[in-house]
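Here is the structure we will look at.
Just so you know, ligand 1 is whichever comes first in the structure, and atom 1 is the first atom listed for that ligand.
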Amino acid sequence: MSVELATTIVGARRSAAEARRAGRTIGLVPTMGALHAGHGALIERARAECGYVAVSIFVNPTQFDRKDDYERYPRALDADLQFCGERGTDAVFAPEAAEMYPAAPKAFVEVAGVSENLCGRHRPGHFRGVATVVAKLFNIVQPNAAYFGEKDAQQAAVIERMARDLDFPVEIRRVATVRESDGLALSSRNRRLSVEERRAAPVLYRALAAAREAIRGGGGVEEARRAALRMIGEEPLARVEYFEVVDAGEMTPVEEIKGPARVAVAAWLGGTRLIDNIAL
Ligand code: AMP
């Protein structure tokens, strides 16, 4: 099935506005492309719940803290268009950076608190870039619902908070993480792993699951965390950036489980940084 491609803000806005006038509810799935079954789950959920589905594909320069990571980020627009078409997407919005940022921007969205730990601590400016570009996408497409994966749970929490505090008239819907059969969370970055790194990568999920089991079994949070770190430490190709048990809303570390919590990890496999998390 062919899908409409918009590369300009005006074009994307017009496409969504027509659908809105025709009485269709608007669903938006923001992505950076190099689409895989994880993105597919978001698109399929949007397709099931909305009359019109837009997928944005934009490798947003302002959320990268490293230029080499931005430049090396996989790009695959032709395959992505086909992927979206096969899942009944109505429109793909794939602007160039110059379309989104014709001049150096001066206005930003900053979500305090929930942005500050985990990836926020290790990637300065990352969530400001994410929140700002998602705010722009919300203003361009004006969706009724927007879909985010729990694979990036901190990102979902940041966007939920932004939408709530700034009164965006959009419902944020979360979709469960899609994994390979060995537990590795699907990620566009996985295609940068060498064969050996790919073989080593599922240690992250195993460590998350082990920590969850230990805590569910009544073990202490810090003890579970240390055991998980040891487990990853035994994999010579993996280097941990953080491994934390956090409050699911605030994303701040907890020492005791009193409410909804998540275990979250970031680690480097060679030159590739992977993140993952699970609910406790
Ligand atoms: P990205 O293209 O990596 O920026 O991701 C776009 C959206 O897809 C985000 O909301 C991600 O959380 C979501 N996503 C990425 N990987 C997965 C996955 N394995 N399972 C579920 N959602 C995912």
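Annotation for Val178: hydrophobic cluster partners, listed by chain and number, are Leu186 (ILVMFWY side-chain heavy atoms under 4.5 Å, direct or chained). Residues near Leu237 contribute nothing to a hydrophobic cluster around it, because no ILVMFWY side-chain heavy atom sits closer than 4.5 Å to its side chain.
Protein residues having a heavy atom under 4.0 Å from any atom of ligand 1 are Pro30, Thr31, Met32, His36, Gly38, His39, Leu42, Tyr73, Phe148, Gly149, Lys151, Asp152, Gln155, Ala176, Thr177, Val178, Leu186, listed by chain and number.
Proximity of Tyr147 to Leu28: side-chain heavy atoms (C-beta onward) are nowhere separated by under 4.5 Å.
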Enumerate donor-acceptor pairs with a distance under 3.5 Å from any side-chain N or O in residues 101-109 to protein atoms, sequence neighbours excluded.
unit_1 : atom_1 : unit_2 : atom_2 : d
Tyr101 : OH     : Asn60  : OD1    : 2.6
Tyr101 : OH     : Thr62  : OG1    : 3.3

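Annotation: cation-pi geometry not satisfied between Arg66 and Tyr70 (NZ/CZ under 6.0 angstrom from ring centroid, within 45° of ring axis).
Nearest heavy-atom pair, Gly88 versus Arg47, reported as atom, atom and distance to 0.1 Å: O-NH1, 2.6 Å.
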